[in-house]
Structure formats: C-alpha cells, structure tokens
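Remarks on the structure that follows.
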Amino acid sequence: MQTTDQRLLIIDDDEMFCHVLSRAFTRRGYEVMTAHDADQALAVAVQFQPTMATLDLKLENSSGLKLLPEMLVAVPSCRIVVLTGYSSIATAVEAMKLGAVNYLCKPADADDIIASFEHQEGDPNIELADNPPSINRITWEHIQKVLHEHDGNISATARALGMHRRTLQRKLQKRPVKR
C-alpha cells in the first residue's frame, strides 16, 4: 500500500482503460483523477497538481507528444509516463526528449506503470534482441517517423511517403507489427 502523497492523473481517451487503471491505483493507495482529452487533462492537472501522470500517445483528437510539454509547464514537478498501443522508436525518443520519464507499450498494468515511475535510470544490462526487426516493423517505424515529422498530418505524410492517403489511413488503423 502506498503511504506517501501520490496523486496520479490518467490521460487516455479509452474510458474503460481509465476506469480499470484508476481502480487498480486506488486500491494501491493512490489518489487518482482521469482525463479523456488534452483540454480536460490540462484543466484537471492545474487543479489536481498530480505528482505523476500516464499519458496516452494517441488521443482521439490530439497527440500525447503535443500535450506532454504543456503538462510539464502546468505541473513542472509531475513525472509523466507515455503509454501507447502504437509504439515506435521515433515516438519513444521524442517522448523522452520532451520530458517523459518513461515510455511503455500497451497493454501495461498498474505494476508495470509503477515500475516505470520507479525505474528512471538507464540500464546498461538490458537484454538485447537476438533478431533484427522484421521488414514490416521497419516499415511501421518509418511511417511513424514521417508522420511525426509532419505533425500528424495524414495527407502530408502520404505525399512524403508516395502513397495514397487512404492506404496510409488503413495502415495506421492497424496495430503495430511485432518485432
């Protein structure tokens, strides 16, 4: 059971995920609030002053990467972990540059998230992958990088990649390819 004053803000557009995660952290003694979009998140953050937050990378009408610096301006002492079902190397690097303390791929449970808040130092002994990523994974990573370079603009990204916009939209709707 958590005994210190820990206030967690869960920012995710999936209300069921917020509910489940909120219950798990409440049972562990955390004070929890949730927000489902960028505007609501900033308003709650200013009032609630969370000590930590989870931030979904892909909010319905916004990007967690755009919200991240705004959250840190609103609550500079807040430690933020980015959660995503659409992980890529490019977004992980950007999230860390923008001030996230960690980056987790969904599905992540409360224990994974707590560990990510506690483990903020680099680990030189981390296990290295035996195999290089698949060509499909490399393609996914490249699309994410180009999408980020174009600030999430699907049309501009499709033009840069030389593909039809609808084809890109279909690719983006799929889950990321595993290694």
Side-chain angles (χ1 to χ4, degrees), residues 8-22 24 33-45 50 52-74 78-110 112-113 116 129-179:
L8 173 69
L9 174 57
I10 301 168
I11 306 165
D12 201 300
D13 54 3
D14 182 341
E15 293 186 29
M16 183 55 72
F17 178 76
C18 285
H19 177 72
V20 169
L21 203 55
S22 177
M33 295 285 291
T34 61
H36 306 296
D37 62 44
D39 293 335
Q40 183 183 27
L42 287 171
V44 171
M52 59 187 78
T54 63
L55 174 58
D56 188 18
L57 182 67
K58 195 170 184 178
L59 297 170
E60 190 164 324
N61 295 316
S62 182
S63 161
L65 289 179
K66 290 184 182 192
L67 179 57
L68 180 56
E70 295 175 30
M71 285 289 298
L72 290 173
V73 167
C78 185
R79 297 183 334 256
I80 300 174
V81 169
V82 173
L83 293 175
T84 184
Y86 300 89
S87 64
S88 74
I89 293 169
T91 56
V93 169
E94 290 305 315
M96 301 305 280
K97 283 181 181 178
L98 292 169
V101 298
N102 227 319
Y103 182 98
L104 289 177
C105 300
K106 290 179 181 177
D109 62 19
D112 295 332
I113 295 167
S116 73
D130 291 335
N131 301 325
S134 69
I135 191 70
N136 290 335
R137 181 63 189 199
I138 292 169
T139 302
W140 173 261
E141 296 277 349
H142 182 65
I143 288 171
Q144 293 300 315
K145 177 181 172 279
V146 175
L147 183 64
H148 177 70
E149 289 170 355
H150 291 91
D151 296 322
N153 183 314
I154 303 280
S155 296
T157 301
R159 280 191 300 276
L161 292 170
M163 69 172 55
H164 195 280
R165 182 181 51 79
R166 282 190 231 135
T167 302
L168 177 59
Q169 286 175 317
R170 281 193 298 274
K171 286 182 178 284
L172 290 171
Q173 288 174 345
K174 295 179 183 177
R175 286 295 217 202
V177 179
K178 297 289 182 205
R179 293 252 172 246

Minimum heavy-atom distance between Ala45 and Pro50, given as atom pair plus value | O-CD, 3.5 Å
Find the distance between CD1 (Ile154) and CZ (Arg166) and round it off to the nearest 0.5 Å.
-> 13.5 Å
Only counting residues at least two apart or in another chain, list the ones meeting salt bridge (Lys or Arg N to Asp or Glu O under 4.0 Å) with Glu70.
-> none
Listed partners of Gln40 passing side chain to side chain donor-acceptor pair (under 3.5 Å), at least two apart = none
What distance separates His164 NE2 from Gln169 CD, expressed to the nearest 0.5 Å?
-> 9.0 Å
Do any N or O atoms from the side chain of Ser116 and from the backbone of Ile113 form a donor-acceptor pair under 3.5 angstrom?
-> yes
Can you name the residues that form a side-chain contact (heavy atoms from CB on, under 4.5 Å) with Asp109, not counting sequence neighbours?
-> Asp111, Asp112
If you round to the nearest 0.5 Å, how far is CZ of Arg165 from OG1 of Thr157?
-> 12.0 Å
Could you tell me which residues satisfy side-chain contact (heavy atoms from CB on, under 4.5 Å) with Val20, sequence neighbours excluded, listed by chain and number?
-> Met16
Which atom pair, heavy atoms only, marks the closest approach of Cys18 to Thr34?
-> CB-CG2, 3.9 Å
With sequence neighbours excluded, what pairs up with Arg159 under the side chain to side chain donor-acceptor pair (under 3.5 Å) test?
-> none
In terms of heavy-atom contacts, Asn153 and Ser155 come closest through OD1-N, 3.0 Å
Show me the donor-acceptor pairs, under 3.5 Å and distance only, between side chains in residues 54-65 and residues at least two apart or in other chains.
unit_1: Asp56; atom_1: OD1; unit_2: Lys106; atom_2: NZ; d: 3.4
unit_1: Ser63; atom_1: OG; unit_2: Leu65; atom_2: N; d: 3.0

Tell me, with the steps shown, if Met71 and Ile11 meet side chain to side chain contact (heavy atoms under 4.5 Å, CB included).
-> CA-CA 11 Å; Met71 285 289 298; Ile11 306 165; 3.8 Å; yes
Look up atom CD in Glu94 and atom NZ in Lys66, then write down how far apart they are to the nearest 0.5 Å.
-> 12.5 Å
Taking the side chain as C-beta and beyond, is there a heavy-atom pair between Gln144 and Leu172 under 4.5 Å?
-> yes
Looking only at heavy atoms, the pair that brings Ala95 and Leu68 closest together is O-CD2, 3.4 Å
In Å and rounded to the nearest 0.5 Å, what is the NE2 to CG distance from His36 to Asp14?
-> 9.0 Å
Side chain to side chain contact (heavy atoms under 4.5 Å, CB included) between Tyr103 and Thr84, intermediate numbers included | CA-CA 8 Å; Tyr103 182 98; Thr84 184; 3.4 Å; yes
CD1 of Ile10 to CG of Leu21, rounded to nearest 0.5 Å, is 4.0 Å
Kindly determine whether Asp37 and Asp13 satisfy side chain to side chain contact (heavy atoms under 4.5 Å, CB included), including the steps that lead there.
-> CA-CA 6 Å; Asp37 62 44; Asp13 54 3; over 6 Å; no
Closest non-hydrogen contact found for Leu72 with Leu98 is CD1-O, 3.4 Å
